[in-house]
Amino acid sequence: MTTQEIHGILDKYKHDKTRLMDILYDIQHKTNYIPMDKVDIIADELNMSSADVEQTISFYHFYSTKPRGKYSICLNNSVVANMKGREFVAQAFKDELGCEFGEVKDDIGLFETSCIGMSDQEPAALINGKVFTNLTTYRVRELIRDMRLGMKVDDMFANTFGDSMNSSPLIKSCVRNSLKRTGPILGQEYIPGKTLKKQVALMSPQDVINELKKSHLRGRGGAGFPTGIKWEFARKAKGEKKYVFCNADEGEPGTFKDRVILTEKPGMVFEGMVIAAYAIGASEGILYLRYEYRYLRKYLVDVLDKMRKNNSLGKNPGGIKDFEFDIRIQLGAGAYVCGEESALIESAEGKRGEPRNRPPFPVEKGYLGFPTVVNNVETLIAAVRIIQNGGEWYQKLGTKESTGTKILSVSGDCLFPGIYELEWGFTVRTLLEMVGARNTQAVQVGGPSGALIGPEQFDRNVCYSDLATGGSMIVIDNRRDLLKDVVLNFMEFFIEESCGSCVPCRNIPTLLKQKLEKILEGKATNKDFDDINNWAKMMPINRCGLGHTAANPIITSLKNFRHLYRERLKKDIEFESGFCLDDAIRESCEFVDRIPNI
Amino acid sequence: MSKPVIATTSLAGCFGCHMSFLDIDERILDLIELVEFNKSPIDDIKSFTKDCDIGLIEGGCCNTENIHILKEFRKKCKILVSFGECAIMGGLPAMRNDIPVKECLAEAYLSGPSTVNEEGILPNDEELPIILDKVYPCHEIVKMDYHLPGCPPRADLIWEVLHALILDVDIDLPYELIKYD
Amino acid sequence: MEKKIAHFTIDNKECTATTGVSIINAARENGIFIPTLCHYEGVKPAGSCRVCTVKVNKRHLTACTTPVAEGMEIEVDTAELNDLRSSVIELLFTEGNHYCPACEKSGNCELQALAYRFGIMAPRFPYQFNERDVDASHPKIYHDHNRCILCKRCIRIIKDEKDLPAGSQGRSIFAFNQRAKKVKIKLDDRLGKELSDELAQKAMDICPVGSILVKETGFKTPIGQRKFDKEAISLDNSINLKAMKEAHHE
């Protein structure tokens, strides 16, 4: 890439350092990495230090200052991928390429990545940002052959594209939507712009907020904050400008609902943003789209263009006077923690995705210091339905404290993985029947940050007051070694995805993982169990949700599957260090060519 | 009643902690009234001749011999004390811990700037203790009951703690005595 | 504008302070010391070390980032909180490679001083011996990552303000790099080379540990006369006292 091209990119973003994510994306996308000499140019042009630019680059999984290869393969390493034969696919990649993960060979890079939102069609990988699902060892050989022939990634797809809009010219992806059960939110017909023009246009912003409050809709990202109240705070907050964000950074392993919503009902998501903007008085909106869903970008941009033409965006959307609102798409670059709203805002400002200290809350001081509402994709489409059918209608769905429906992403050991929209309050058992689960040993409710529950809890209700979930439901049958196959993988996930700011979050998950390994080796004593419980008590002092929940895989499994831990316990022994002398001398004996005599 | 028995040893240490022990000066006369020494460099008793009450361990574990001795101390002593920074965290010998042992050996015997070893002879006689992959703090090998930080632990700290252990009384250590250097 | 006074309690003691000041400063105004490592008076709090964690109306919050408000019931000096603080210090000792006997900052180090204050004889966590490097490539600064506790003081305080357009913020001479366990502080290659003596000295002074040192100095004060040799870290001798005076002076 020439210096001139770099300047071109910088000009495109008006030398605005808050657009650093886009600048880096354009460069990375073009040359597969961001060379250090180019970092210096970016730094000088943006009045930053190079270390500061690198601070952002090095935070994100998909940016690199080292070459990633003409083809860069990122194979998902989630629990669900492992269940579906990832091990064989990974081996096939290594064999075909003759290299390990983390290396680049013959201009083809092989990397691991956290869940890419394809749990219903694993094993899956991103190749130069394009999604390849349902991988097999045979398919891996084909793909590597095609890469060796220098084929374009777009031409490497098999002839069949996915269902619904996935096969549209703007997406052209093999992803399938796996819509298994729709309800009042996803199932009803959606007529673009109708709610905005026929209903919102006749309401005051406060009317909109009141309707939302009446519905008792709570944020669907996981935290469950009442949406109407959030909008009201933002409406009352003082600021020259206000922003509406749609959080499409679903990174919780096992979730993929936002991917499907954005494919099936993108206009409805954007219309939800327009309604939110009208309610709070915002003029700009940003859809923060996780890098893994980059394949949807062109399609989403097209939807936005159509909305502008149809008078649903831009000047006076829906014909509403004194209202102007437009939306841009901000791509992420691979960081689970950016799903946390303040981290997402930091990222959209071109910085590391580190969660902010609160107060102030985003509704007071958010994006660029202006009042900002961040809503989940699912929350926004629910808001459209609420305006369409009334808060009254919505609050009759579900249970008293958990009104409405929940769109679930079901994956793992079941016959029918996919999207299920259900009214809150169903039992885990009902869901398991619905998805064709057999011999179920456990369900991971709400992904790794949620809880691992066993059969004795399958009659619990899924709702905010009992078993809350952001939507990820991973079914695990009795063939699996729960501690080794599931809990260990989840701990590795949290270790990898911590932003590294808070001391406990940066350290405790690693220490707990070491304890778990000791347990798996059969070397743990009661003291190790006490350590786990005591050390995990540090997690609530971390700053953000990731930090608060990063020990949950171990804590909830220790609580609900104590027998699995106990049976590996070393009994009748007070102290066991775990030290292994054979391991400790292996390397030095090898080097000096000595047969150990101990 | 027989006197409490003390044993001491220096593993991967520099004997500085033992020197500090001697720095209790004339109080050593009081100590000898109170206790009996068994295996220790202080009286040059090489092997345990009986079970002991208190074992003081200087230094961490860098080789198989250290591990062997530490485990022997654990068997023979009722109370085991990590005595000094090296016993507690490996100390300066542990500065090699983030370097693979192969690189350390190569630097020491083959490629170091002051190394003359044309035949490339490596220490592999079976009589020699085997170097471990890293230097281990004592409490990561066996259970240690107490830790006395310092490089070396201050003589007053050693005296106060031994005194308390021998007489089995609680102590409140003054701030100045707990130092890591 | 008239400043509003907030009435609140710390460990059941009635206190007052200006509404909106951080709990850590409100406590200081009332003669109560809340230990911290990352906080530095006068710059935006990072809330990254979590040492200043207190409980407000039963919730864990960092005292450096939370403004004091009317009616708050703040817990500071409780067994639970002190144990949490001690745990954080112990984690830092096992995460980095802290060879105190060989460190120039020993005796003047705030991490060590807090460990002394909490009476830590040995950390409860296993030593990690993580691979950390030493960067001595810069003309003035010796940068030892073994000792770094990632408090971000240097990132926030040491800025380059040469040739900047009006209104823009200073460039960061230090910055975070990587994430999760791999996170480390990077000293900018180019700006590091041009660092003034004054800024180099300041970087060393504000570093709570011995990670940033000015070359060819160190071990100046004899053992026994260093800051925390005889006196525990407190309101009267922490770096923040100096910082506070400077901030007020400005």
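Just so you know, these numbers use all the heavy atoms, side chains as well, and skip hydrogens, waters and symmetry mates. First the proteins, then the strands, lettered A, B, ... as listed; each starts at 1. Not measured: the values here are computed from a predicted model.
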Start with the C-alpha gap between Phe176(C) and Arg352(A), add the side-chain angles, then the distance that decides, and say whether side-chain contact (heavy atoms from CB on, under 4.5 Å) holds.
-> CA-CA 9 Å; Phe176(C) 250 15; Arg352(A) 298 165 66 80; 3.6 Å; yes
Residue [X] excluded, over 12 heavy atoms near [atom1] under 6.0 Å:
X	atom1	answer
Glu80(C)	CD	yes
Glu194(C)	CD	yes
Lys55(C)	NZ	yes
Phe233(A)	CZ	no
Lys162(C)	NZ	yes
Lys518(A)	NZ	yes

Would you check if the side chain of [X] reaches a backbone N or O of [Y] as a donor-acceptor pair within less than 3.5 Å?
X	Y	value
Gln55(A)	Asn177(C)	no
Ser48(C)	Cys502(A)	no
Asp188(C)	Asp52(A)	no
Arg543(A)	Gly47(C)	yes
Arg179(C)	Cys499(A)	no
Arg50(C)	Ile541(A)	yes

For chain A, which candidate among [options] shows the most heavy-atom pairs at distances under 4.5 Å?
options	value
Gly192(C), Cys151(C), Ala46(C)	Ala46(C)
His60(C), Arg59(C), Gln169(C)	His60(C)
Lys181(C), Glu95(C), Lys186(C)	Glu95(C)

Interface moiety of [X] toward chain C, non-hydrogen atoms closer than 4.5 Å:
X	value
Phe494(A)	neither
Met48(A)	backbone
Ile495(A)	both
Lys17(A)	side chain
His61(A)	both

Carefully, step by step, assess Asp44(A) and Arg171(C) under the rule salt bridge (Lys or Arg N to Asp or Glu O under 4.0 Å).
-> CA-CA 10 Å; Asp44(A) 293 344; Arg171(C) 298 179 193 93; 5.9 Å; no
Pick whichever of [options] has the most heavy-atom pairs under 4.5 Å with chain C.
options	value
Ala43(A), Gly500(A), Ser58(A)	Ser58(A)
Arg356(A), Arg358(A), Arg506(A)	Arg506(A)
Cys505(A), Ser498(A), Gly353(A)	Ser498(A)
Asn507(A), Ile508(A), Thr510(A)	Asn507(A)

Carefully, step by step, assess Leu150(C) and Val503(A) under the rule side-chain contact (heavy atoms from CB on, under 4.5 Å).
-> CA-CA 9 Å; Leu150(C) 304 160; Val503(A) 179; over 6 Å; no
Part of [X] lying under 4.5 Å from any heavy atom of chain A:
X	result
Leu84(C)	both
Ser87(C)	both
Ile149(C)	backbone

Return the minimal non-hydrogen interatomic distance between [X] and [Y], and the atom names on each side.
X	Y	result
Ser501(A)	Lys152(C)	OG-NZ, 3.4 Å
Ala51(A)	Ala175(C)	O-CB, 3.4 Å
Asn357(A)	Pro45(C)	ND2-O, 3.8 Å

Does any non-hydrogen side-chain atom of Gln128(C) lie less than 4.5 Å from one of Gln514(A)?
-> yes
Please examine the side chains of Asp531(A) and Phe125(C), heavy atoms only from C-beta on, and report whether any two atoms are closer than 4.5 Å.
-> no
Tell me yes or no: between the side chains of Arg190(C) and Ser50(A), is some donor less than 3.5 Å from an acceptor?
-> yes
